[in-house]
Structures are given as C-alpha cells and as structure tokens.
2 protein chains.
Amino acid sequence: MESAHEREKRRTAMLDALARVLEQVGFPHTTARIYAALTLAEGEGLSTSEIVEELGISKASVSNAMHLLVGTELVQRYRVPGSRETHYRMLKGVWGEILGRKFAATSYIRQVAEDAMETVDSPAARERLREMHDVYSFFEREFEDVMKRFNERNER
Amino acid sequence: MESAHEREKRRTAMLDALARVLEQVGFPHTTARIYAALTLAEGEGLSTSEIVEELGISKASVSNAMHLLVGTELVQRYRVPGSRETHYRMLKGVWGEILGRKFAATSYIRQVAEDAMETVDSPAARERLREMHDVYSFFEREFEDVMKRFNERNER
DNA sequence: CGCAACGTTTAGAAACTCCTGAACGTTGGG
DNA sequence: CCCAACGTTCAGGAGTTTCTAAACGTTGCG
C-alpha cells in the first residue's frame, strides 16, 4: 500500500513534468506551474487561495500569471456561489490552439526569408536564403493540411 | 537611386529579422545574430574578425557562440589558405533539422500526459489529461508523416 | 625555437526576467 | 454606506543568463 507521503511525491513530480511542458512552449515558470495545477485539480478548477497554497507563491504572482493565461484564452475565470474568490478553470480544446499558434510562426519565417532574398545581392547568400525559404514553404503547406485534418477531427 | 546609408539600413534590418527567427527557435541573442550574419555573408562564410567587426561584439562571444553552433552541427569550421583565422560557414540542410528537433518534443509531451493519466485519481483531471494526450497523439502521428514526406522530397 | 597571431577559458559585470511585499483600488454583504 | 475581503499595481530585489576583458594556451610562420 502506498503512503500519503509517496502519493504526494508522485503528484509533485507530475506537476513538475506538466509545468516543464508549458515552459517549453514558452510560458514563464510560475504561469506554467499554475496551468499544471489547474490540470491536476480535483474538481473543475481552483480558487486564488488554493493556488497560492498549493504552489507556495504570492497572490501577486497568481494575478500576474492569470493576466497572461486569461488574456491568451487558455484559462477562464468563473465564480462559485457563496465564495468571494475568483476561481479559474482550464478551457477545453486549447492544446490544439497552442500548437496552431506555433505553426503560424512558420509562415512568418517564410516571409522573412522571402523578403531577405529579394534584398540581397550576393548569389551565395541568396542561395542560402532560398533553401531556408523552400523548407519553410514546405512545412507551411503541410501544417495547413495538418490543421485542417485536426479541425475536421474535432467537429466529429 | 539608393544611398549607401539606406542600403546599410536595409541590411541591418534583415539581419535583425533573421536573428529574431533564430532566437524564437531558442538560440541566445548573439548566437542567433552570428548565424544570421553567416546567412547574409557575401561569400561562403566569415572569419572570426569579420564577425567581430560586423556585429560589434567581442571575440570571446564569437568563441562561445561557435561552441554551440558547431556543437549542434549548424555551422562548420573551415580554413582559408594563407589566413591563420578560423572561418565559419553555415551547413546546408539544417532548417529541416531544426524543425525536426521541435517535433521530437511532441512525443515526449504525449508521454508525460500518458504517465500523468495513469497516476491521477480525479475523473475531472483525467479527462483534461486525456484531451491533452489525444491532441498530442494526433500531432505526433501527423508529424511523423510530414517528416517522412520531407525526407523523401530531399532525396530527389 | 621564439615570437606573434589567434582561440579559449574564466571571473565578474551588466541586463533581463520574474517574483514578492506593500500600498492601493474595488466589490459585495450587512 | 461602511467595512472586510479580494484582486491588482508597482517598486524593489533575487536569480539567471549572457556578454566582455583579461589571462592563458596553442599554433604556425620565419
């Protein structure tokens, strides 16, 4: 049988791993940890004080992080009758959204390469930019298809 | 007709834009700028002192950055007869490599979600993890296909 | 061989990001 | 309305990253 201590340790490890994923995606440390905590919450979400307690951070940090998470529509505020506190829950269907945003960068990069190619004189430089451009063009088209399939999948 | 000053300004803007792309991919500021400078070089590459002059940085910075760029096989050293300086050139075919590395993270994230799902008790949490897992599974498979097509494309 | 030209390493400083405590503003119950 | 409970803002500071100068090591020409 598993001790309460071991259970707690496993939970912490999981929270860390999840938070690292979010950090990799580009979120600040604490913001990532908050999102992870919301993922692992027992119920539908957590209140500010619950987050403060679980992660051992200040309420100012929660406020700042939520500015980002709510602003990017990854998390939603909601109220619980009888409580004055703000509660937060993850929004559904955001993981696809997160990845989709990543892909959007591809077409920007293709654009940069394209512009540079038009400006540059040296044939050697132009050749290097062309390779970059071709690769990103390829992935840009592929990602469009992938996202289309993803959206179709979600409609079902 | 275009003044030398305007030409210089355009070149700088281009270098900045390219560097930002590399930074987005996760490289340090100076490292990214060096890579951008190598991309825009007139000839096949640049020497240490040329990089120092073009970017206005110390040779120590060049040394450090090259440790990273050469180590990750994005840049190659070469020697120019008659010069004692080390020269550096971009390696070809790295952009696909860079993107490929990004995708590799997908299967790690899927794994994290899978592990967490097995550990967690709360049905609400498990449901949230399941969505995360499903999304990343989908993209993991799609990326494998995309990379396969990419590699086939390159063999021609 | 010895010297000069380079590259590398390292310790320290500068810059940046992010967190916190405290003060402030806002809101809702009584 | 007033007070208490919350959330937000902001100045300050801690931690981290990354750049540089200086000292050191290495290499190759004469």
Side-chain angles (χ1 to χ4, degrees), chain A residues 12 15-16 18-38 41 45-89, chain B residues 12 15-16 18-38 41 45-89:
Chain A
T12 303
L15 199 149
D16 288 349
L18 275 172
R20 242 172 283 135
V21 167
L22 269 289
E23 280 190 79
Q24 240 174 6
V25 178
F27 289 97
H29 184 71
T30 300
T31 307
R33 289 182 65 79
I34 289 176
Y35 197 79
L38 290 176
L46 295 171
S47 72
T48 301
S49 64
E50 282 168 339
I51 295 169
V52 163
E53 195 179 351
E54 163 120 37
L55 300 178
I57 59 179
S58 71
K59 63 179 180 167
S61 285
V62 175
S63 178
N64 284 326
M66 287 312 182
H67 191 74
L68 179 61
L69 288 172
V70 173
T72 51
E73 301 194 71
L74 296 175
V75 163
Q76 197 174 43
R77 275 176 234 265
Y78 67 100
R79 306 217 129 254
V80 169
S83 166
R84 282 201 185 181
E85 279 192 294
T86 309
H87 289 242
Y88 300 94
R89 67 170 148 240
Chain B
T12 303
L15 199 149
D16 287 350
L18 275 172
R20 240 171 286 136
V21 167
L22 268 290
E23 279 190 78
Q24 241 174 6
V25 179
F27 289 98
H29 184 72
T30 300
T31 307
R33 289 182 67 79
I34 290 176
Y35 196 79
L38 289 177
L46 296 170
S47 71
T48 301
S49 64
E50 283 169 338
I51 295 169
V52 163
E53 196 178 350
E54 163 120 36
L55 300 180
I57 59 178
S58 71
K59 62 178 181 169
S61 285
V62 175
S63 179
N64 283 326
M66 287 312 181
H67 190 74
L68 179 59
L69 287 171
V70 173
T72 52
E73 301 194 73
L74 295 176
V75 164
Q76 196 173 44
R77 276 175 233 265
Y78 67 101
R79 306 218 129 255
V80 169
S83 166
R84 282 203 187 177
E85 279 191 295
T86 309
H87 289 242
Y88 300 94
R89 68 170 147 241

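Values below: all heavy atoms of this structure, side chains included; hydrogens, waters and symmetry mates excluded. Throughout, protein chains are lettered first and strands after them, A, B, ... in sequence-line order, and every chain is numbered starting at 1.
Look at CG on A:Leu68: it is 18 Å from P on D:dG7, rounded to the nearest Å. Rounded to whole Å, atom C1' of C:dT20 lies 13 Å from atom CD1 of A:Ile34. Rounded to whole Å, the distance from CD on A:Glu23 to P on C:dT17 is 16 Å. Going from atom CZ of A:Arg33 over to atom C1' of C:dT20 covers 16 Å, rounded to whole Å. In this structure, A:Asn64 atom CG and C:dG21 atom C1' are separated by 13 Å, rounded to whole Å. Distance, A:His67 NE2 to C:dT17 C1': 16 Å, rounded to whole Å. One atom, CG of A:Leu55, and another, P of C:dC19, lie 11 Å apart when rounded to the nearest Å. One atom, CZ of B:Arg77, and another, P of D:dT26, lie 15 Å apart when rounded to the nearest Å.
Phosphate proximity of D:dC19 to B:Ser58: absent, as no side-chain N or O sits under 4.0 Å from OP1 or OP2. For the pair B:Ser63 and C:dT9, the criterion of a side-chain N or O lying under 4.0 Å from OP1 or OP2 is not met.
Checking C:dC6, D:dC19, C:dT20 against the side-chain heavy atoms of A:Ala60 singles out C:dT20 as nearest. Which of C:dG28, C:dT9, D:dT27 sits closest to the side chain of A:Arg84 comes down to C:dG28. Proximity note for A:Pro28 (side chain, C-beta onward) versus C:dC18, C:dC6, C:dG7: the nearest is C:dC18. Counting only heavy atoms from C-beta on, B:Lys59 has its side chain closest to C:dT8 among D:dT20, C:dT8, C:dT20.
The shortest distance between side-chain heavy atoms of B:Phe27 and B:Leu74 falls below 4.5 Å. Looking at A:Leu69 and A:Tyr88, their side chains never come closer than 4.5 Å, going by heavy atoms from C-beta outward.
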Determine, stepwise, if the pair B:Arg79 / B:Thr86 fulfils side-chain contact (heavy atoms from CB on, under 4.5 Å).
CA-CA 6 Å; B:Arg79 306 218 129 255; B:Thr86 309; 3.7 Å; yes

Evaluate side-chain contact (heavy atoms from CB on, under 4.5 Å) for A:Thr48 paired with A:His87, printing each intermediate quantity in order.
CA-CA 6 Å; A:Thr48 301; A:His87 289 242; over 6 Å; no

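Using a 4.0 Å heavy-atom distance criterion, B:Thr30 is classed as a sugar-phosphate-only contact. Within the nucleic acid shown, B:His29 comes within 4.0 Å of sugar-phosphate atoms alone, with no base atom in reach, counting heavy atoms only. Across all strands shown, B:Thr48 has heavy atoms under 4.0 Å from sugar-phosphate atoms exclusively, and none from any base.
When the nearest nucleotides of DNA chain C are assigned to A:Arg79 and A:Gly26 by heavy-atom distance, the more 5′-ward of the two goes with A:Gly26.
Taking CD of A:Glu85 as the start and CG of A:Leu46 as the end, the distance is 10.5 Å to the nearest 0.5 Å.
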